[in-house]
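Here's the structure, in structure tokens; my notes come after.
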Amino acid sequence: PGKKVLIVYAHQEPKSFNGALLKVAVEELTKQGCSVTVSDLYAMQFEPRATRNDIVGGLHNSEAFNYGVETWEAYKRRGLSKDLVEEQKKVQEADLLIFQFPLFWFNMPAILKGWMDRVLVQGFAYDLSKAYDGGLLQDKLSLFSFTTGGSQEMYSKGSISGDIRYILWPMQHGIMHFCGVKVLEPHICYAPAWVSEEKRKEMLTAWTQRLKTLWKEEPIDCSPDWYFK
């Protein structure tokens with residue numbers, strides 16, 4: 001109770017299965033006494049492109065634009081654009097970050113990847129000497145909750161798509177763990193579009209049940225072994 005949760009949600013349709021998963025999470029976590037904030041990226045018309053507009057005022061080097069350097073410098077002098085400052089504040093306050101999205105092309109949708117690109121700037125989320133276990137966003141948990149188009153069998157080792165964990169490596173390890181965030185087991189709903197209404201209800205119930213004991217879970221061992229063994 002009293003925990004703060006940020007759900008970064010990337011789906012265009014509230015009536016979608018991702019929308020239902022979001023609703024369940026908001027209801028269950030609120031019932032537990034958590035304070036829940038949702039960044040509904042499509043509804044916010046969140047800008048996914050990392051551009052010069054992310055820096056307010058003059059540039060550190062106006063000769064050649066380097067996004068990484070410029071946002072780092074801007075962060076230090078509090079010169080990032082308002083939308084980034086708002087998202088960073090939500091991240092800063094959260095004990096848990098939940099990312100809710102449909103898997104697109106073995107990856108997160110562009111709007112969510114853009115959120116990662118723009119919000120998790122150097123100085124805020126990591127520093128070159130402070131990454132992975134030393135990342136700047138320690139003492140936070142993260143959870144990737146997503147839907148797939150393919151069945152669970154298609155994402156198993158030795159199958160056509162390979163182990164789903166290979167897909168999670170860049171998201172969980174390359175982004176979250178790099179920033180010092182601990183990672184909980186992902187929550188994956190396989191092929192909701194192709195199963196019965198009853199099976200979809202079971203999936204929603206399973207998500208509710210998991211959320212009830214979420215705070216007791218241990219993070220995964222963030223090593224290459226978890227992904228590739």
Take atom NZ of Lys201 as the centre, draw a 6.0 Å sphere, and report whether it contains more than 12 heavy atoms from other residues, nucleotides or ligands. no
Under the 6.0 Å and 45° cation-pi test, does Lys76 pair with Trp72? yes
Would you say the side chains of Trp215 and Gln32 form a donor-acceptor pair under 3.5 Å? yes
How about Asn18 and Ser16: does a side-chain donor come under 3.5 Å of a side-chain acceptor? no
Under 3.5 Å side-chain donor-acceptor pair for Gln172 and Tyr227: yes
So, do Thr71 and Ile55 sit near enough that their side-chain heavy atoms are less than 4.5 Å apart? yes
Hey, can you tell me if Phe144 and Phe101 have their rings parallel, tilted or perpendicular (30° and 60° cut-offs)? perpendicular
Relative to each other, are the rings of Phe99 and Trp115 parallel, tilted or perpendicular (30° and 60° limits)? perpendicular
Indicate whether the side chain of Gln92 and that of Gln88 have a donor and an acceptor atom separated by less than 3.5 Å. no
Evaluate Ser223 against Asp225 for side chain to side chain donor-acceptor pair (under 3.5 Å), listing each step before the verdict. CA-CA 5 Å; Ser223 69; Asp225 275 2; 4.7 Å; no
Tell me whether the count of non-hydrogen atoms from other residues, nucleotides or ligands lying under 6.0 Å of NZ in Lys82 goes above 12. no
Min side-chain heavy-atom separation Val121-Asp54 under 4.5 Å: no
Compute whether any side-chain donor of one residue and acceptor of the other, for Asp133 and His177, lie under 3.5 angstrom apart. yes
Answer yes or no: does atom CD of Glu13 have more than 12 heavy-atom neighbours from other residues, nucleotides or ligands under 6.0 Å? yes
Glu47 versus Leu84: any side-chain heavy-atom pair under 4.5 Å? no
Regarding Thr208 and Glu28, do their side chains bring together a donor and an acceptor under 3.5 Å, going by distance alone? no
Run the ring pair (Phe, Tyr, Trp, His ring centres under 6.0 Å) check on Tyr132 and His173 step by step: do they pass? CA-CA 8 Å; Tyr132 291 114; His173 183 77; 5.0 Å; yes
Do Glu27 and Lys23 meet the salt-bridge criterion of a basic N to acidic O distance under 4.0 Å? yes
Are Glu153 and Ser151 close enough that a side-chain donor and a side-chain acceptor fall under 3.5 Å? yes
Relative to Tyr67, does Arg118 satisfy both conditions: NZ or CZ under 6.0 angstrom from the six-membered ring centre, and within 45 degrees of the ring's axis? no
For Lys90, is there an ion pair with Glu87 - N to carboxylate O distance below 4.0 angstrom? yes
Pairing donors with acceptors under 3.5 angstrom, does anything connect the side chains of Ser81 and Asp83? yes
Indicate yes or no: does Lys199 engage Glu202 in a salt bridge with an N to O separation below 4.0 Å. yes
Are Glu73 and Arg77 within salt-bridge range, i.e. N to O under 4.0 Å? no
Is it the case that atom CZ in Arg52 sees more than 12 heavy atoms from other parts of the structure closer than 6.0 Å? yes
Check whether any side-chain heavy atom of Ile164 sits under 4.5 Å from a side-chain heavy atom of Tyr166, and report yes or no. no
Distance col, row Phe65:CZ vs Thr51:OG1, nearest 0.5 angstrom, shows 7.0 Å
